[in-house]
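Everything below concerns the one structure shown next.
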Amino acid sequence: MDPIVTRFAPSPTGYLHVGGARTALFNWLYARHTGGRFILRIEDTDTVRSTKESVEAIFQALQWLEIDWDEGPYFQSQRTDIYQTYAKRLFESGHAYYCTCSPEAVEEMRRKAMATGANPRYDGTCRDKGLGPRPGAVLRFRSPATGTTVLDDVVKGGIAFQNTELDDFVLVRSDGTPTYNFVVVVDDITMGINTIIRGDDHVMNTPKQIQIYRALEATLPVFAHVPMVLGPDRTRLSKRHGAMSVTAYRDMGYLPEAFINYLVRLGWSCGDQEFFTRAELIEKFSLENIGRSAGIFDLAKLQALNADHIQALSPEALVPHLAPILAQKGLVPDTVPSLPRVIATLQPRSKTLEEMADQARFYFDETVDYDPAAVKKVFKPAVVEPLRQLVAELEKLDTFTEAGLEAAFVAVMEATGLKLGKIAQPVRLALTGRTASPGIFETIEALGRTKTMDRLRRALDFLDGMEGQTGA
RNA sequence: GGUCCCAUCGUCUAGUGGUUAGGACGCCGGCCUCUCACGUCGGUAACAUGGGUUCGAAUCCCAUUGGGACCA
């Protein structure tokens, strides 16, 4: 059996959006799953809307998602010779003809057709005139007048289109530029694409494309039209629904593994399994289990999956993903004894890396600001003595390890008769400025001796000041 | 307007003629507990509607409704 060859063919008219990313992902996964090849092609024939920046943005997004390609990127703008060759072939074999009808005349035909309730279409005025190439003429495809064209889609099943619905559509415009349906087919044939996985917004193009394949006597590829991704209001995902750009999710602290896991699971299933590593996705992905109905993008589910992936990775593996977000917030890793240790304390309490960075702030800052409400609730005169004793106990420790720290706390608990909570909360406030944080022992260990002792002493000073005030 | 596609909890889905219709996210509650989380246990909630076919339909067929896509 021939190896599977798939492709992703975005138009560089903006960033890579969620729907595009999913299409890319499906093609990439299927190629990797079958041991085939994955080709990247940039469809930049729309020279007005295509930009170099968009091409760059697409590369960046694919890189973040770790979707690599085996061939390309090809640029349609550099392949005009090829399209001309194929246009000529279609003309010479009689599958296409030149048409000199003016745009106004064609518009008139449409109006007439509409008036009779029929589909607006070209009426075939030039179809049998036998015109040759000439300036200002368009090249039209000679569509079959009768019968049906059947699309045998892997996910949708068989779809029959009446050929009477097909127009004698334009292949090459009067200015010599080829049209979308034509270049796509020529590219897919010449690049050896045998499996086309794309959004189902393309199904209506497919019968035309199938006709071109036939006219060119090329083997039809396997078609798989995957349902679209919709916004919460069930309309096509757009800016209104928030972040569209894939890289925006990177910046918001989502892991590429989580993002692809979510995107693939949206519209594809493998029994009840929800969590997939990249390797599992490659191993288990198949066209057969793609669903037929559109899916709604649900940020809450993405978040939950992201939390799972954050927990599944080692702290060390998280470092490169978290580092840029920390940097963006002005938090420099050198100011902390061990970044992986800090990460380890926050893993079970972060849905995104951005949340993690925010929660990590107190580890990095020079000092902490106390939350006023927490001060009122926790910094009571009664905590001064236990805190003093704790400082004394901690000073006895050679190194700060969780076991040693716990022993120090236990010593204070026994001396004062207090429960752990009564001591941990003031310590937590002293160290973090708030009443919620990771476990107190792991927090101290990750914070390090210097900052811990500084902050405990500062808290005692602060409490001193409070007593002076109330006493006065 | 024409053509095409789709239809199970709010959302993602399992299910392919016989199930108490399962799982996940979310939400609610219990437990765990040094706080917040994690975890864990339980609860909430669905086969769009109407006809058929069949001993029996979420499952097969038709219609209706609703949603979406493309072309204009």
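Note that this is a predicted model, so its numbers are computed, not measured. The sequence lines fix the lettering, A, B, ..., with proteins before strands; numbering per chain opens at 1.
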**Study point:** Distance, C1' atom - from U49(B) to A57(B), rounded to whole angstrom
**Key:** 16 Å
Practice item. Report yes or no: do Ser11(A) and Thr13(A) form a side-chain donor-acceptor pair below 3.5 Å? Key: no
Exercise for review: Have a look at C55(B) and give me syn or anti from its glycosidic angle (syn if within 90° of zero).
Suggested key: anti
Point to revise | Which residue lies more 5' along RNA chain B, comparing Asp201(A) with Gly291(A) via nearest heavy atoms | key: Gly291(A)
Practice item. Write down the distance separating the C1' atoms in C47(B) and U19(B), rounded off to the nearest Å. Key: 13 Å
Review point. Strictly by modelled atom types, are Lys284(A) and Gln273(A) linked by a side-chain donor-acceptor pair under 3.5 Å?
Key: yes
Review point. OP1 or OP2 of A7(B) less than 4.0 angstrom from a side-chain nitrogen or oxygen of Arg292(A), does that happen here?
Key: yes
Study note, to complete from the structure: Heavy-atom contacts, protein to nucleotides 34-44 of chain B, under 4.0 Å, summarised as B (base), S (sugar-phosphate only) or - (none) per nt, yield BBBBS------
Exercise for review: If U64(B) has a Watson-Crick or G-U wobble mate with both distances under 3.5 Å, name it; if not, just say none.
Suggested key: A48(B)
Point to revise | Between C9(B) and U59(B) - P atom distance, rounded Å | key: 14 Å
Check your understanding: Among U3(B), A14(B), A69(B), which nucleotide sits nearest the side chain of Asp272(A)?
Key -> A14(B)
**Study point:** Pairwise P distance, U44(B) and G66(B) [rounded to whole Å]
**Key:** 33 Å
Exercise for review: Determine whether the side chains of Arg428(A) and Thr432(A) contain a donor N or O and an acceptor N or O closer than 3.5 Å.
Suggested key: no
**Study point:** Partner set under side-chain hydrogen bond (donor to acceptor under 3.5 Å, both in side chains) for Ser350(A), not counting sequence neighbours
**Key:** Gln359(A)
Study note, to complete from the structure: Answer for the Watson-Crick or wobble partner of A69(B), both distances under 3.5 Å, is U3(B)
Exercise for review: Would you kindly check whether a donor in the side chain of Glu165(A) faces an acceptor in the base of G2(B), or vice versa, at under 3.5 angstrom?
Suggested key: no
**Study point:** Watson-Crick/G-U partner (both atom distances under 3.5 Å) of A24(B)
**Key:** U11(B)
Review point. Without hydrogens or angle criteria, can the side chains of Thr206(A) and Arg198(A) be said to hold a donor-acceptor pair below 3.5 Å?
Key: yes
Practice item. Could you check which of C12(B), G26(B), A69(B) has an atom nearest any side-chain atom of Ala304(A)? Key: G26(B)
**Study point:** For atom OH of Tyr262(A) and atom C1' of C25(B), their distance in whole Å
**Key:** 9 Å
Exercise for review: Have a look at Gly267(A) and say if it touches a base, only the backbone sugar-phosphate, or nothing, with a 4.0 Å heavy-atom cut-off.
Suggested key: sugar-phosphate
Check your understanding: Whom does C34(B) pair with, Watson-Crick or G-U wobble, provided both distances fall under 3.5 Å?
Key -> none
Check your understanding: Any side-chain donor paired with an acceptor under 3.5 Å for Tyr262(A) and Asn306(A)?
Key -> no
Practice item. Consider only side-chain N and O atoms of Asn163(A) and Thr149(A), and report whether a donor and an acceptor are under 3.5 Å apart. Key: yes
**Study point:** Length of the CZ-P vector between Phe161(A) and A69(B), whole Å
**Key:** 16 Å
Practice item. Let me know the distance between NZ of Lys208(A) and C1' of C4(B), rounded to the nearest Å. Key: 13 Å
Check your understanding: Taking the C1' atom of each, how far is G26(B) from G10(B), in whole Å?
Key -> 8 Å
Revision key, fill the gap. Closest of A24(B), C4(B), C25(B) to the Asp298(A) side chain is C25(B)
Point to revise | Nearest-Å distance once atom P is located in both A58(B) and A46(B) | key: 15 Å
Practice item. Please tell me which of Asn205(A) and Trp268(A) maps to the more 5' nucleotide of RNA chain B, matching each residue to the nucleotide holding its nearest heavy atom. Key: Trp268(A)
Exercise for review: Could you state the atom-to-atom distance from OH of Tyr180(A) to P of C70(B) in whole Å?
Suggested key: 12 Å
**Study point:** Atom-to-atom span, CG of Leu166(A) to P of G2(B) - whole angstrom
**Key:** 19 Å
Point to revise | Same-atom distance (P) from U40(B) to U53(B), integer angstrom | key: 49 Å
Point to revise | Value in whole Å for how far the C1' atom of U3(B) lies from CD of Gln162(A) | key: 10 Å
Check your understanding: So, Asp44(A) versus Gln76(A): side-chain donor-acceptor pair below 3.5 Å or not?
Key -> no
Review point. Starting at CG of Leu305(A) and ending at P of G23(B), how long is that distance when rounded to a whole Å?
Key: 19 Å
Check your understanding: Any side-chain N or O of Arg234(A) less than 4.0 Å from the OP1 or OP2 oxygen of U11(B)?
Key -> yes
**Study point:** Base-pairing mate for G29(B) - Watson-Crick or G-U, with both contacts under 3.5 Å
**Key:** C41(B)
Review point. Looking at Arg142(A), Arg140(A), Arg127(A), which hits salt bridge (Lys or Arg N to Asp or Glu O under 4.0 Å) with Asp168(A)?
Key: Arg127(A)
Review point. When rounded to the nearest Å, what value does the distance between P atoms of A48(B) and U8(B) take?
Key: 6 Å
